[in-house]
Amino acid sequence: MSLLVLTACGTGEVTSQSTGAWDKLIYWFASVIQFLSINGQIGIGIILFTILIRTILLPLFQIQTNSSRKMQELQPQLRALQEQYAGTDADSRRELYEATQALYKKHGVSMSSSFIPLFIQMPILIALFQALTRVDALKVGHFLWLNLGEPDPYFILPILAAAFTFLSTWLTNKAAIEKSGVMTVMTYAMPVLIFLFAMTAASGVALYWTVSNAYQVVQTLVFNNPFKIIAERQAKIEAEKERQAKIRRAQKKAHKKK
């Protein structure tokens, strides 16, 4: 979906004479990338600016990620409510809605916490993408083995972009209590789409995808480490089992005294 959005937001050249707020934002992004291009290396500018933008957006990504994780944690309880209020009449639907909202409120979950950060992030990421595809100054020059205006001849960046996309999605879904078919499809389909896209895209764009998804992998491991989440969840389960066992032992002792 994100690829379709990115490629459908205009293809005309953007210059310093371009009018309109959107094109001016794109050109400003391109200017910052050029400023960050040490010794005129546009590839370095792309890497640094991608890291800069992702770091600035990090709090929004975290809000979205934490909200999505809470939603995943509540899936068993939501399904129980759906079974409890399984009727199709207006009263059943109203009761299900009220019970769902009460559950969200109890656990501090807000639907807007998932969508509002996304709506803020997308225009910025789209503008960055379009700066790489619509400003001629960012489509020239060499970086390492790459001609930034042409596809990677060795497919190294497409492979890396696909690999980091897979790792990012896999790590994000790893801690999910329940894994749906959609999650599984996305885990394997998105890397394929990214690979096919990056294989024919300019190297500057493929470099952006690679750095952005690599950043996402590091971000997930540092702030939302699924292995740590799973360990904490298991520790809570074990602690609850131990608590229940203590209660049963106490009840047995009390029963013997009688």
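All values reported here derive from a predicted model rather than from experimental measurement. Atoms considered below: every heavy atom in the structure, side chains included; atoms not considered: hydrogens, waters and symmetry mates.
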Quick one: side-chain contact (heavy atoms from CB on, under 4.5 Å) partners of Lys236, sequence neighbours excluded?
none
Sorted by chain and number, sequence neighbours left out, salt bridge (Lys or Arg N to Asp or Glu O under 4.0 Å) with Glu238 holds for none
First locate atom CZ of Phe197, then atom CE of Met190, and finally report the distance between them rounded to the nearest 0.5 Å.
10.5 Å
Determine the minimum heavy-atom distance between Ser203 and Leu146, stating which atoms define it.
OG-CD2, 3.7 Å
Residues pairing under side chain to side chain donor-acceptor pair (under 3.5 Å) where one sits in residues 190-199, two or more places apart or in two chains, turn out to be none
Using side-chain contact (heavy atoms from CB on, under 4.5 Å) as the criterion, list what pairs up with Asp23, not counting sequence neighbours.
Val14, Ser18, Ile26, Arg134
For Phe35, all residues meeting ring pair (Phe, Tyr, Trp, His ring centres under 6.0 Å), sequence neighbours excluded
none
Does Arg94 have any salt bridge (Lys or Arg N to Asp or Glu O under 4.0 Å) partners at least two apart in sequence or in another chain, and if so, which?
Asp91, Glu98
Output for pair (Glu242 CD, Ile237 CD1), nearest 0.5 Å, gives 14.5 Å
State, yes or no, whether a side-chain contact exists between Leu196 and Val192 at a heavy-atom distance under 4.5 Å.
yes
Please set out all donor-acceptor pairs under 3.5 angstrom arising from side-chain atoms of residues 221-230, sequence neighbours excluded.
from	atom 1	to	atom 2	distance (Å)
Asn224	ND2	Gln62	OE1	2.9
Asn225	OD1	Phe227	N	2.9
Asn225	OD1	Lys228	N	3.3
Asn225	ND2	Leu221	O	3.2

Contact summary for Ser37 and Gly45, nearest pair of heavy atoms
OG-CA, 3.6 Å
Could you state whether Leu36 and Leu25 fall into the same hydrophobic cluster, counting links through intermediate Ile, Leu, Val, Met, Phe, Trp or Tyr residues with side-chain heavy atoms under 4.5 angstrom apart?
yes
Before giving the answer on side-chain contact (heavy atoms from CB on, under 4.5 Å), spell out for Ile33 and Trp28 the whole-Å C-alpha distance, their side-chain angles and the decisive distance to 0.1 Å.
CA-CA 9 Å; Ile33 291 174; Trp28 182 77; over 6 Å; no
Is there a continuous path of hydrophobic side-chain contacts, each under 4.5 Å between heavy atoms, that joins Ile42 to Ile51?
yes
Could you tell me how the ring of Phe166 sits relative to the ring of Tyr188: parallel (under 30°), tilted (30 to 60°) or perpendicular (over 60°)?
tilted
More than 12 non-hydrogen atoms from neighbouring residues, nucleotides or ligands closer than 6.0 Å to CE on Met186, yes or no?
no
Can you find a side-chain donor-acceptor pair between Thr165 and Asn213 that sits under 3.5 Å?
yes
Are Tyr208 and Met199 connected into the same hydrophobic cluster when the rule is that any two of I, L, V, M, F, W, Y join if their side-chain heavy atoms are below 4.5 Å apart?
no
Listed by chain and number, what are the salt bridge (Lys or Arg N to Asp or Glu O under 4.0 Å) partners of Arg248, not counting sequence neighbours?
none
Roughly how far apart are Gln216 CD and Arg54 CZ, rounded to 0.5 Å?
4.5 Å
Ser168 side chain to Phe164 main-chain N or O, any donor-acceptor pair under 3.5 Å?
no
Output all residues satisfying side-chain contact (heavy atoms from CB on, under 4.5 Å) with Ile38, sequence neighbours left out; order by chain, then residue number.
Ile44, Leu48
Mind checking side chain to side chain donor-acceptor pair (under 3.5 Å) for Thr187 and listing every partner two or more places apart, or none if nothing turns up?
Asn173
Between CH2 on residue Trp209 and OG1 on residue Thr50, distance to nearest 0.5 Å:
11.0 Å
dist Ile47:CD1 -> Ser212:OG (nearest 0.5 Å) comes out at 12.5 Å
As an exercise, state the distance from OG1 of Thr200 to CZ of Phe195, rounded to the nearest 0.5 Å.
10.0 Å
Taking transitive links into account, so neighbours of neighbours count too, which hydrophobic residues share a cluster with Ile247 at under 4.5 Å side-chain distance?
none
Leu138 and Ile46: side-chain contact (heavy atoms from CB on, under 4.5 Å), yes or no, with the steps?
CA-CA 9 Å; Leu138 301 186; Ile46 292 172; 5.7 Å; no
Where do Ala202 and Leu148 come nearest, in terms of heavy atoms and distance?
CB-O, 3.4 Å
Under 3.5 Å, side-chain donor or acceptor atoms of residues 150-159 against the rest of the protein: list the pairs with distances, not counting sequence neighbours.
from	atom 1	to	atom 2	distance (Å)
Asp152	OD1	Trp145	NE1	2.8
Asp152	OD1	Tyr154	N	2.9
Asp152	OD1	Phe155	N	3.4
Asp152	OD2	Trp145	NE1	3.3
Asp152	OD2	Ile156	N	3.0
Asp152	OD2	Leu157	N	2.8

